[in-house]
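Report on one structure; see the data block that follows.
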Amino acid sequence: MARPRPAPRRGRRRRGGGVSAMKLRFAPSPTGLLHVGNARVALANWLLARKGGGAVLLRLDDTDTERSRAEYAAALEEDLRWLGLDWDESFRQSDRLARYAAAAERLKASGRLYPCLESEEELRFKREQRLRQGRPPIYDRAALKMTPEQLERARANGKEPYWRFKLSGTSIEWEDGVLGRRAVKLPSLSDPVLIRADGSPLYTFTSVVDDLESGITHVVRGEDHVTNTGVQIDLWEALGGDPEALRFVHLPLLLDSDGGPLSKRLGSLSLRQLRRDGIEPAALTGYLAALGTSHDPVPGMPPELVERFDLGAVSHSPARFDVQQMLALNRHLLHTAEFESVRERLPEGADPAFWNAVRGNLDLLGEAKQWWEVARGTVVPPAQPGEGEFLRAALDALPPEPWDKETWTGWTGALKGATGRKGKALFLPLRLALTGEDHGPDLHDLLPLIGRDRAAQRLRMAATG
RNA sequence: GUCCCCAUCGUCUAGAGGCCUAGGACACCAGCCUUUCACGUUGGUAACACGGGUUCGAAUCCCGUUGGGGACGCCA
């Protein structure tokens, strides 16, 4: 049943004679916040486009009038920018209704778009009936047998039809950029509804019209769209599109960390939430670009990831989005981050000395604030029963300023000689009194930042607490 | 229910019949460094889902089972 298709050509020629440039699109629907799943698709589109020297189109698929919201559209763009993605062109589908209507007329003229009157309840009943019989729940094309008289009568009664696309009945094959040779048998699918009774177009239709009219060369999306691809290629050809002009790339879906569908975790994995949690965008993009591939993840903003990105390295099986792994990347990123790259997000007054002292102890950049309090603010040390005498001795042994990296060594060395303490017994009470924490940055670096006044005050407080 | 896809360490994966006593990265554990924790560094533990074939030889090929994911919308 496979229909003959010429072998793919290397590049398409356009008027002017040059090889046509790549053009990719990211087409989210503004019905919710962007999450790691569609962020990955957006990133893959962007990376591929930039790698091929092509253009990126941001298309808002807002034909679902029930659920689409302007606030989400704005949030989407903001989140994409946070990720470091940009685009060369953008439009929303609700602005192109006339184009879809024109395309629909062409389809009607060629007999590929036919009116239907069955109600949603009727369709649901038929679907369930077929399911009970163990047959695929596809539409029976009953409306194709409707006479013009029946349609007229319905219209006279105020009932408008909705419109289905008549699938060609072949098997559609394509060479997928990730999955390889794939095929969809059209006879096992329902003729898709393209136009609602109120005249509004549906996704399957608008997407193909737009891909065609905006000159898209590569469609990169999640594997949940493979069946759609069969339908869309059929539609593409019915609208006069050259099937060789469009390449499809389907990325295996992301699973949650337990291996279940990502959908139930979408709230906590929205870009909004991750940003609020203090994740560095470069950790997320670096993770997303490597997840499900044979490449080791390296933190980086999109431009830094372009060269390395390679569809050939993408696996065919679904991958788990592991927050712990993303966090590990975030940590490594922070540990080697230069002061200048984080400067404006650090507490007012923070300098390179402070940053270099604490960065190795951060999981999230926001934690720097806590160490800034330790260095320059107020710390209430916890009570250390039985350590009063030792802490008083420490206070008395505190050397005069100026302090530097060696101050800690000199001070604790003197204390060691005076008290006979060493190791943990020597250091832990001091760390606790000075920072309020039992772990943290090297005190060689931290102590000079705290300074004698604060150190003395904390030791005094800890000794009496 | 029907159809499609997938299956190697905890996680992401290398592996395209002998180069595999299965390699790497992250995580984890340990040693070292540091007179403390962390940082850093070095090393280690850890996997071919199961059952049948094919073959001199299978993680690799075939079939089945199991498990997971997806599709089957007047959603996208």
Which nucleotide in B:rA76, B:rC12, B:rC6 has an atom nearest any side-chain atom of A:Ser29: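 For A:Ser29, the side-chain atoms sit closest to B:rA76.
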Base, sugar-phosphate, or nothing for A:Gly222, non-hydrogen atoms under 4.0 angstrom? nothing
Looking at every strand, decide which applies to A:Arg359 at a 4.0 Å heavy-atom threshold: base, sugar-phosphate, or nothing.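 A:Arg359: no heavy atom of the nucleic acid under 4.0 Å.
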Mind checking what makes side-chain contact (heavy atoms from CB on, under 4.5 Å) contact with [X], not counting sequence neighbours?
| X | result |
| --- | --- |
| A:Lys108 | A:Glu105, A:Leu113, A:Trp163 |
| A:Ala425 | A:Arg421 |
| A:Ala319 | A:Leu291 |

Just to be sure I understand the geometry, which residues of residues 61-76 of chain A put a non-hydrogen atom under 4.0 Å away from RNA chain B?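 Heavy-atom contacts with RNA chain B come from A:Asp61, A:Thr63, A:Asp64, A:Arg67.
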When you measure only distances, ignoring hydrogens and angles, does the side chain of A:Thr412 come within 3.5 Å of the base of B:rU35 through a donor and an acceptor?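 Yes, a donor-acceptor pair under 3.5 Å.
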Just one of A:Asp211, A:Asn45, A:Asp210 clears the side chain to side chain donor-acceptor pair (under 3.5 Å) bar with A:Arg25, so which one? A:Asp211
Which of these, A:Arg247, A:Arg181, A:His250, sits in a side chain to side chain donor-acceptor pair (under 3.5 Å) with A:Asp176?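 Output: one option passes, namely A:His250.
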In whole angstrom, give the distance that lies between atom [atom1] of [X] and atom [atom2] of [N].
| X | N | atom1 | atom2 | answer |
| --- | --- | --- | --- | --- |
| A:Arg124 | B:rC75 | CZ | P | 13 Å |
| A:Lys405 | B:rC39 | NZ | C1' | 13 Å |
| A:Leu446 | B:rU34 | CG | C1' | 16 Å |
| A:Glu406 | B:rU35 | CD | C1' | 14 Å |
| A:Asp310 | B:rA14 | CG | P | 12 Å |
| A:Leu179 | B:rC6 | CG | P | 8 Å |
| A:His250 | B:rA76 | NE2 | C1' | 13 Å |
| A:Asp210 | B:rA76 | CG | C1' | 14 Å |

Base-pairing mate for [N] - Watson-Crick or G-U, with both contacts under 3.5 Å:
| N | result |
| --- | --- |
| B:rC75 | none |
| B:rC50 | B:rG64 |
| B:rC3 | B:rG70 |
| B:rU34 | none |
| B:rC39 | none |
| B:rC20 | none |
| B:rA14 | none |

Let me know which of A:Phe165, A:Phe205, A:Tyr139 forms a side-chain contact (heavy atoms from CB on, under 4.5 Å) with A:Pro192. A:Phe165
Which residue, A:Gln93, A:Arg99, A:Arg96, forms the side-chain contact (heavy atoms from CB on, under 4.5 Å) with A:Thr206?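 Exactly one option meets the side-chain contact (heavy atoms from CB on, under 4.5 Å) with A:Thr206, and it is A:Gln93.
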What about the rings of A:Phe321 and A:Tyr287, do their centers lie closer together than 6.0 Å?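 When the ring centroids of A:Phe321 and A:Tyr287 are compared, they turn out to be within the sub-6.0 Å range.
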Between A:Trp46 and A:Phe26, is the ring centre distance below 6.0 Å? no
Pairwise [atom1] distance, [M] and [N] [rounded to whole Å]:
| N | M | atom1 | value |
| --- | --- | --- | --- |
| B:rG64 | B:rG10 | P | 28 Å |
| B:rU2 | B:rU21 | C1' | 46 Å |
| B:rA22 | B:rU45 | C1' | 16 Å |
| B:rG40 | B:rC4 | P | 49 Å |
| B:rC61 | B:rA27 | C1' | 35 Å |
| B:rU41 | B:rC9 | C1' | 24 Å |
| B:rC6 | B:rG15 | P | 16 Å |

Considering residues at least two apart in sequence or located in another chain, which fulfil the ring-ring contact (aromatic ring centres under 6.0 Å, His included) criterion with A:Tyr203? A:His225
Can you name the ring-ring contact (aromatic ring centres under 6.0 Å, His included) partners of A:Phe427, sequence neighbours left out?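 ring-ring contact (aromatic ring centres under 6.0 Å, His included) check on A:Phe427 returns A:Trp408.
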Give every pair of a protein N or O atom and an N or O atom of nucleotides 43-45 of chain B that lie under 3.5 Å apart, one pair per line with the distance.
none

Pairs: protein N or O with nucleotides 70-74 of chain B N or O, under 3.5 Å:
residue: B:rA71; atom: O2'; partner: A:Thr227; partner atom: OG1; Å: 3.1
residue: B:rC74; atom: N4; partner: A:Glu118; partner atom: O; Å: 2.9

Do A:Ser200 and A:Arg196 pair up side chain to side chain, a donor and an acceptor below 3.5 Å, judged on atom types alone?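 Result is yes, a qualifying pair exists.
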Decide if atom CZ of A:Arg92 counts as having more than 12 heavy atoms of other residues, nucleotides or ligands within a radius under 6.0 Å. no
Would you indicate whether A:Phe91, at its atom CZ, is surrounded by more than 12 heavy atoms from other residues, nucleotides or ligands within a distance under 6.0 Å?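 Counting neighbours around CZ of A:Phe91, more than 12 heavy atoms of other residues, nucleotides or ligands fall under 6.0 Å, so yes.
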Under the side-chain hydrogen bond (donor to acceptor under 3.5 Å, both in side chains) rule, collect the residues that match up with A:Thr204, sequence neighbours excluded. none
Who are the side-chain hydrogen bond (donor to acceptor under 3.5 Å, both in side chains) partners of A:Trp371, not counting sequence neighbours? none
Residue closer to the 5' end of RNA chain B, A:Ala27 versus A:Thr293 (nearest nucleotide): A:Thr293
Any residue meeting salt bridge (charged side-chain N to carboxylate O under 4.0 Å, His left out) with A:Glu160, in chain and number order, not counting sequence neighbours: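 Counting only residues at least two positions away or on another chain, A:Glu160 forms a salt bridge (charged side-chain N to carboxylate O under 4.0 Å, His left out) with A:Arg155.
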Is the shortest side-chain N/O distance from A:Arg431 to OP1 or OP2 of B:rU36 below 4.0 Å?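 Answer is no, no contact under 4.0 Å.
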Quick one: is B:rG40 close enough that its OP1 or OP2 comes under 4.0 Å of any side-chain N or O from A:His335? yes
Measure all distances between protein nitrogen or oxygen atoms and nitrogen or oxygen atoms of nucleotides 26-32 of chain B, and list the pairs falling under 3.5 Å.
residue: B:rC26; atom: O2; partner: A:Gln325; partner atom: NE2; Å: 3.3
residue: B:rA27; atom: OP1; partner: A:His332; partner atom: NE2; Å: 3.2

